[in-house]
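Worksheet: the structure to be examined is printed underneath.
Letters A, B, ... mirror the listed sequences (proteins, then strands); counts begin at 1.
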Number of protein chains: 2
Amino acid sequence: MSLDERKKKILSSVVEDYIESAEPVGSKTIVDKYNLEYSPATIRNEMKLLEDDGYLEQPHISAGRIPSTKGYRYYVDNLMKEKKLSMLDINYIDNSITGYGDTENLLEQASDTVSKLLGRPTILTLKNEDIIESIKLLRITDKILLVIVMSKNGTIKDCVAKLTDIIPEDTVNELTKVLNINLKGTPLERVYYALNMVISKELTTFSEILGQISEGLRRELNSGVKKISNNVESILELPEFSDVEKAKNFVNILSTKDILDSTLAKVSNNELGIIIGSENKEILLSEYSIISLNILDDKNIGNLSVISPKRIDYSKTVSTLKYINSKFKNLFSKPN
Amino acid sequence: MSLDERKKKILSSVVEDYIESAEPVGSKTIVDKYNLEYSPATIRNEMKLLEDDGYLEQPHISAGRIPSTKGYRYYVDNLMKEKKLSMLDINYIDNSITGYGDTENLLEQASDTVSKLLGRPTILTLKNEDIIESIKLLRITDKILLVIVMSKNGTIKDCVAKLTDIIPEDTVNELTKVLNINLKGTPLERVYYALNMVISKELTTFSEILGQISEGLRRELNSGVKKISNNVESILELPEFSDVEKAKNFVNILSTKDILDSTLAKVSNNELGIIIGSENKEILLSEYSIISLNILDDKNIGNLSVISPKRIDYSKTVSTLKYINSKFKNLFSKPN
DNA sequence: ATTAGCACTCGATTTATCTAAGTGCTAATT
DNA sequence: AATTAGCACTTAGATAAATCGAGTGCTAAT
């Protein structure tokens with residue numbers, strides 16, 4: 001499955017030209033633009049062979065070639081040169097990710113920034129494997145409590161519990177103890193289940209209030225797709241979406257949480273994973289690629305994925321995600 | 001500017017048929033479907049007159065008629081019968097709006113529900129005219145403070161402030177005082193400005209921390225478009241969007257906060273307001289209608305607007321919003 | 001005041017024609 | 001053996017012409 005140098009050059013030229021132009025690439029273009037020292041006829045012969053081997057495809061018989069999924073894969077694994085980001089891009093990222101707020105704010109900023117920079121939607125998924133460090137209760141009024149959860153890695157989440165009866169100070173203290181004893185060490189994403197366990201075994205005195213807290217925290221802390229930064233203006237301008245049906249399909253994919261959740265669950269465990277077109281198990285995604293960054297600290301914090309038609313500048317995307325990742329590592333390593 | 005009964009019947013038939021079919025309505029359709037006791041020729045004469053008066057338009061000379069903005073306006077003001085919602089719809093709404101969480105959660109649920117029910121995007125705008133009752137600070141760690149803002153009507157908002165230096169207990173107490181003295185009574189939406197005033201006149205000791213708080217609260221509390229429930233699957237299916245350019249334009253409008261903010265600022269002060277097509281000042285919106293509900297308690301809490309091509313079932317939309325409003329009134333009147 | 005009758009208009013659909021890009025193959029060349 | 005010039009061939013896409021049908025506006029009759 002190895003290609004000689006000339007084939008490699010041709011394949012990489014086709015991929016890069018197609019990524020830029022969105023038009024099938026012909027033999028003449030390759031000779032002219034990419035300085036191959038051969039005639040178009042030679043290139044044609046080689047392209048035929050590359051097509052026979054499944055690296056290239058021909059939309060129709062009198063058209064140029066476009067990369068197949070296999071072609072993109074070979075390019076990504078063997079041919080792609082990692083581009084350095086331009087100073088402009090670096091500045092843009094640095095200015096957009098201010099580090100304001102907690103980890104979640106930070107990831108959201110990163111997600112928006114990447115989406116804007118690449119002109120593709122990004123999907124931010126939170127893992128919440130982080131575990132609870134402690135819980136505080138703050139009395140707001142007689143009947144309203146603010147429940148504040150602090151995680152080991154510094155995530156702070158809260159929810160409001162509205163009760164029907166007035167809560168005496170004792171109860172609040174007692175409740176704080178109960179919550180801390182039972183929940184310390186629990187992963188954030190499992191708080192809901194843990195609390196329901198507590199409810200089922202604890203005195204019924206607390207069950208109403210615990211129910212409220214459980215429901216509130218479930219909404220704040222569940223894992224899964226958190227946010228889609230959908231830079232729609234630019235994505236719909238892609239020639240891939242000049243056909244309304246395709247545009248609709250894509251929009252549909254983006255708004256179907258299940259598809260995204262299950263697809264992103266299958267991304268590799270490495271920091272960087274690339275799924276191209278039909279490599280995707282989900283058939284609706286067979287014309288799209290997902291390039292995703294697992295955000296790791298001690299634990300898997302979340303995942304930031306770029307979704308796009310297969311035609312995307314993989315090199316720039318990877319560089320961007322890597323740069324974002326280095327920023328994360330930097331910010332995480334700083335003491336809070 | 002008053003129309004005789006027959007013209008009214010014809011106009012309302014054209015509007016209702018066009019709302020349903022999205023096709024220009026011809027004289028024969030009206031006679032057949034709406035039981036007018038006249039021949040198509042008579043209807044044609046009347047339609048001609050209605051067109052001369054600006055109530056109807058003809059896409060081209062050999063087509064049927066469609067309502068003009070003026071025609072829709074007359075229909076909405078004089079002809080439209082308010083439909084009762086079906087039990088199905090009422091159940092759907094009742095089950096979707098659970099009343100969980102604070103006011104903001106509630107409005108978001110309502111916005112999503114209306115969007116799903118009508119198959120149109122909804123825009124939720126929050127006003128935050130509600131004023132600050134008190135502010136508490138909670139120390140999370142040496143360097144992290146949780147700032148909790150409580151409003152008069154029960155909204156609770158918070159943000160995290162991360163500082164570079166360790167904050168002594170005294171400082172926290174002092175700061176709490178400063179914040180309460182300066183911010184009590186301030187409308188939530190003006191907290192940012194109020195805090196910056198404080199910063200400019202207070203001792204520089206607090207300026208870093210106040211800056212953090214100011215920034216954090218600005219993000220939590222600013223007024224304006226809060227959430228767009230964009231039920232994209234169904235909206236893009238409308239025949240109005242079979243042309244990609246129009247679809248893009250609409251998507252663009254939805255993602256341009258400025259357009260929506262300034263348009264919604266001009267909506268009437270009544271609980272229910274309807275802006276049709278070119279009545280809109282913003283030229284980009286001249287083919288769209290906005291039907292919006294101002295949500296009032298003591299103060300103006302926010303606005304829930306449906307945005308759509310001019311062709312929308314105004315009657316059902318109005319009924320839905322009115323029903324939602326009655327639910328709000330019910331929930332607000334209950335004590336917390 | 002209403003309507004039957006009819007010529008007319010124009011968008012939409014279909015069919016035919018043309019063009020340009022790019023191929024694959026063969027035979028000649030290096 | 002590798003490369004390339006030459007050429008017939010294919011096909012998408014653009015343009016033009018032909019046809020169809022829905023619906024009109026006007027005139028004259030009822």
Side-chain angles (χ1 to χ4, degrees), chain A residues 3-11 13-14 17-18 20-68 71 239-240 242-246, chain B residues 3-11 13-15 17-18 20-68 71 239-240 242-244 246:
Chain A
L3 303 175
D4 63 41
E5 284 311 310
R6 192 167 67 183
K7 285 205 179 60
K8 285 182 186 173
K9 186 79 171 71
I10 292 171
L11 177 54
S13 301
V14 171
D17 201 78
Y18 184 64
E20 204 188 313
S21 72
E23 299 286 340
V25 186
S27 51
K28 195 160 175 309
T29 309
I30 292 190
V31 174
D32 293 351
K33 279 177 68 177
Y34 297 89
N35 317 313
L36 275 273
E37 305 280 292
Y38 298 95
S39 75
T42 308
I43 306 299
R44 275 205 292 282
N45 290 331
E46 292 283 66
M47 287 168 99
K48 185 80 185 356
L49 295 175
L50 282 167
E51 187 181 356
D52 292 344
D53 277 353
Y55 294 100
L56 296 178
E57 288 171 355
Q58 218 172 3
H60 57 87
I61 199 164
S62 70
R65 301 306 204 293
I66 64 177
S68 66
E240 275 84 351
S242 59
D243 174 3
V244 196
E245 282 312 309
K246 290 191 181 137
Chain B
L3 303 175
D4 63 44
E5 284 312 309
R6 192 168 67 187
K7 285 206 179 62
K8 284 183 187 172
K9 186 80 171 69
I10 292 172
L11 176 55
S13 301
V14 172
V15 171
D17 201 79
Y18 184 65
E20 204 189 312
S21 72
E23 298 288 339
V25 186
S27 52
K28 194 157 176 312
T29 310
I30 291 190
V31 173
D32 293 352
K33 279 178 67 178
Y34 297 88
N35 317 312
L36 276 271
E37 306 280 294
Y38 298 95
S39 75
T42 308
I43 305 299
R44 276 204 292 285
N45 290 331
E46 293 282 67
M47 286 168 100
K48 184 79 186 354
L49 295 174
L50 282 166
E51 187 182 356
D52 292 344
D53 277 353
Y55 294 99
L56 296 178
E57 288 172 357
Q58 218 172 2
H60 57 88
I61 200 163
S62 70
R65 301 305 204 295
I66 64 177
S68 66
E240 275 84 350
S242 59
D243 174 1
V244 195
K246 292 195 179 131

What contact category does B:Lys48 fall into here, base, sugar-phosphate, or nothing, at under 4.0 angstrom with non-hydrogen atoms? sugar-phosphate
Who is the Watson-Crick or G-U wobble partner of D:dA29, with both distances under 3.5 Å? C:dT2
Over how many whole Å does the gap from A:Lys28 atom NZ to C:dT23 atom C1' extend? 15 Å
Does A:Asp53 reach the main-chain N or O of A:Tyr55 with its side chain, forming a donor-acceptor pair under 3.5 Å? no
Rounded to the nearest angstrom, tell me the gap between atom CD in A:Glu46 and atom C1' in D:dT3. 11 Å
What is the per-nucleotide protein-contact pattern of nucleotides 3-9 of chain C, from the 5' end, where B denotes a base atom under 4.0 Å from a protein heavy atom, S denotes such proximity for sugar-phosphate atoms only, and - denotes neither? BBB---B
Measure NZ/B:Lys7 against P/C:dA1 and give the value in whole Å, please. 11 Å
For the pair made of CG in B:Asp32 and C1' in D:dA22, what is the distance, rounded to whole Å? 14 Å
Base-pairing mate for D:dT11 - Watson-Crick or G-U, with both contacts under 3.5 Å: C:dA20
Which whole-number value in Å describes the distance from A:Ile10 CD1 to D:dT3 P? 10 Å
As a test of understanding, state which of B:Leu3, B:Leu49, B:Ile43 forms a side-chain contact (heavy atoms from CB on, under 4.5 Å) with B:Ile10. B:Ile43
For the student: nearest non-hydrogen atoms of A:Pro67 and A:Glu57, plus distance: O-OE1, 4.3 Å
Measure from CG on B:Leu49 to P on D:dC26 and round the result to the nearest Å. 11 Å
Could you tell me the separation between the CD atom of B:Glu57 and the P atom of D:dT24, rounded to a whole number of Å? 15 Å
Between B:Met47 and B:Val25, the two heavy atoms sitting closest are CE-O, 3.4 Å
Please report the closest heavy-atom contact between A:Gln58 and A:Gly64, naming both atoms and the distance. CG-O, 3.6 Å
So which atom in A:Pro24 and which in A:Pro59 form the shortest heavy-atom distance, rounded to 0.1 Å? CG-CG, 3.8 Å
Checking D:dT24, D:dG25, C:dG24 against the side chain of B:Glu51 (C-beta onward), the nearest is D:dG25
Could B:Lys8 and B:Glu5 be called an ion pair, given the rule that one side-chain N must be under 4.0 Å from one carboxylate O? yes
For the pair made of NE2 in A:His60 and P in C:dT23, what is the distance, rounded to whole Å? 10 Å
